[in-house]
Novice: 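I am attaching a structure below and will ask some questions about it afterwards.
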Amino acid sequence: MLAVVLLAGCSATGADEPTRAANQAGYVGAESSVTIIPPDERKPAPDIAGAVLGQEGKEISTASLKGKVVVLNVWGSWCGPCRAEAPELQKASEQTAKTAQFVGLNTRDFDQGPPVAFNRANKITYPSIWDPSGSVLVSLSGTLPPKAIPSTLIIDEQGRVAARVVGTVTETTLVDMITDVAAGT
């Protein structure tokens with residue numbers, strides 16, 4: 001059973017997917033749609049890799065992060081909602097550092113200057129893959145809508161998609177979701 005929680009705002013989920021009220025799922029503060037996938041229904045997340053934003057010659061791959069919860073956030077420096085959620089993501093990454101590895105996927109920024117400045121201004125400490133053409137994002141199209149920016153995937157320790165947030169997300173929601181995924185739920 002795929003449980004979808006519509007908290008506020010638009011949803012990219014289909015009308016045929018079951019939903020639960022936000023207070024039943026326990027996740028509050030997301031201005032988006034949240035999809036939680038039960039452990040027995042999870043499918044492998046696509047492995048993505050690319051150049052690390054602002055670090056010439058360095059690459060990162062989600063395949064190398066198996067064994068840890070991975071939080072993959074799709075963002076752009078040009079995106080207003082991304083600017084709003086950036087401090088929340090950083091706080092959540094600090095709170096869950098022993099459990100989860102955050103990785104950004106910066107897309108549609110054709111020059112590294114603006115997203116590097118964005119990260120500096122928001123004191124973002126986790127790495128981001130630089131994806132100016134959107135080709136890495138397109139590889140997630142079966143998992144995330146390519147135009148849904150910002151969006152966030154939570155991948156469990158086995159490399160399976162455990163949750164998806166389409167839209168902005170808060171620190172509280174992320175920390176709660178990461179805690180649940182790390183606990184095997």
Novice: Are F118 and V74 joined in one hydrophobic group, where the rule is that I, L, V, M, F, W and Y side chains link up if heavy atoms are under 4.5 Å apart?
Specialist: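 Not linked; separate clusters.
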Novice: Report the C-alpha separation of D131 and S135 in whole Å, then their side-chain angles, then the decisive distance to 0.1 Å, and conclude whether the side chain to side chain contact (heavy atoms under 4.5 Å, CB included) test is met.
Specialist: CA-CA 7 Å; D131 182 30; S135 61; 3.5 Å; yes
Novice: Using the rule that Ile, Leu, Val, Met, Phe, Trp and Tyr join whenever any side-chain heavy atoms are under 4.5 Å apart, tell me whether V169 and V175 fall into a single cluster.
Specialist: no
Novice: Go through L140 and V138 one step at a time and tell me if the side chain to side chain contact (heavy atoms under 4.5 Å, CB included) criterion holds.
Specialist: CA-CA 5 Å; L140 295 170; V138 169; over 6 Å; no
Novice: If the plane angle is over 60° it's perpendicular, under 30° parallel, otherwise tilted; pick one for Y126 and F102.
Specialist: tilted
Novice: Would you name the heavy atoms of M177 and I154 that are closest together and state the gap between them?
Specialist: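 Nearest heavy atoms, M177 then I154: CB-CD1, 3.5 Å.
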Novice: Quick check: do Q101 and P127 have side-chain heavy atoms less than 4.5 Å from each other?
Specialist: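 When only atoms from C-beta onward are counted, P127 and Q101 do touch, with a gap below 4.5 Å.
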Novice: Where do R160 and I155 land on the side chain to side chain contact (heavy atoms under 4.5 Å, CB included) test, with the steps shown first?
Specialist: CA-CA 5 Å; R160 303 172 302 167; I155 302 167; 5.7 Å; no
Novice: Can you name the closest pair of heavy atoms from N106 and P115 and give their distance?
Specialist: ND2-CB, 3.5 Å
Novice: When you look at L53 and N119, which way does the side chain to side chain contact (heavy atoms under 4.5 Å, CB included) test go after all the steps?
Specialist: CA-CA 10 Å; L53 176 68; N119 280 345; 3.6 Å; yes
Novice: Does the side chain of D109 reach to within under 4.5 Å of the side chain of P132, using non-hydrogen atoms?
Specialist: no
Novice: Looking only at non-hydrogen atoms, find the nearest pair between I48 and S139 and report the distance.
Specialist: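 Minimum heavy-atom separation between I48 and S139: CG2-OG, 3.7 Å.
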Novice: Quick one: do V71 and W130 end up in the same hydrophobic cluster if we chain Ile, Leu, Val, Met, Phe, Trp and Tyr together by side-chain heavy atoms under 4.5 Å apart?
Specialist: no
Novice: Within a strict 4.5 Å, meaning less than it, do heavy atoms of the R164 and V34 side chains meet?
Specialist: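 In short, these two side chains do not touch, never coming nearer than 4.5 Å.
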Novice: Regarding N73 and E85, do their side chains bring together a donor and an acceptor under 3.5 Å, going by distance alone?
Specialist: yes
Novice: What's the shortest heavy-atom distance between I37 and R42, and which atoms?
Specialist: O-NE, 2.9 Å
Novice: Nearest 0.5 Å please: distance from the CZ atom of R83 over to the OG atom of S77.
Specialist: 7.5 Å
Novice: Please round to the nearest 0.5 Å and tell me the distance separating atom CD of E94 and atom CG of L89.
Specialist: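 Interatomic distance, E94 CD to L89 CG, rounded to 0.5 Å: 11.0 Å.
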Novice: Between V103 and V52, is there shared hydrophobic-cluster membership here, with clusters defined by ILVMFWY side-chain heavy atoms closer than 4.5 Å?
Specialist: yes
Novice: Please report the closest heavy-atom contact between D47 and K66, naming both atoms and the distance.
Specialist: OD1-NZ, 3.6 Å
Novice: Charged N to carboxylate O under 4.0 angstrom, D156 versus K68?
Specialist: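 Salt bridge flag = no for K68 with D156.
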Novice: Testing the basics here: between E171 and E88, what is the closest heavy-atom pair and its distance to 0.1 Å?
Specialist: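 Closest pair (atom of E171, atom of E88, distance): N-OE1, 2.8 Å.
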Novice: Consider only side-chain heavy atoms of I, L, V, M, F, W and Y, link residues closer than 4.5 Å, and tell whether I129 and W78 are in one cluster.
Specialist: yes
Novice: Hey, is the main chain of G113 close enough, under 3.5 Å, to the side chain of D111 for a donor-acceptor pair?
Specialist: yes
Novice: Is the closest side-chain donor-acceptor distance between W75 and S128 under 3.5 Å?
Specialist: yes
Novice: Counting C-beta onward and ignoring hydrogens, is there a side-chain heavy-atom pair between L137 and I149 closer than 4.5 Å?
Specialist: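 A side-chain contact under 4.5 Å exists here.
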Novice: Under 3.5 Å, is there a donor-acceptor pair linking the side chains of T173 and T170?
Specialist: yes
Novice: With rounding to the nearest 0.5 angstrom, report the SG to CZ distance, C79 to R108.
Specialist: 10.0 Å
Novice: Please step through side chain to side chain donor-acceptor pair (under 3.5 Å) for the pair T96 and T99, ending with a clear verdict.
Specialist: CA-CA 5 Å; T96 61; T99 309; over 6 Å; no
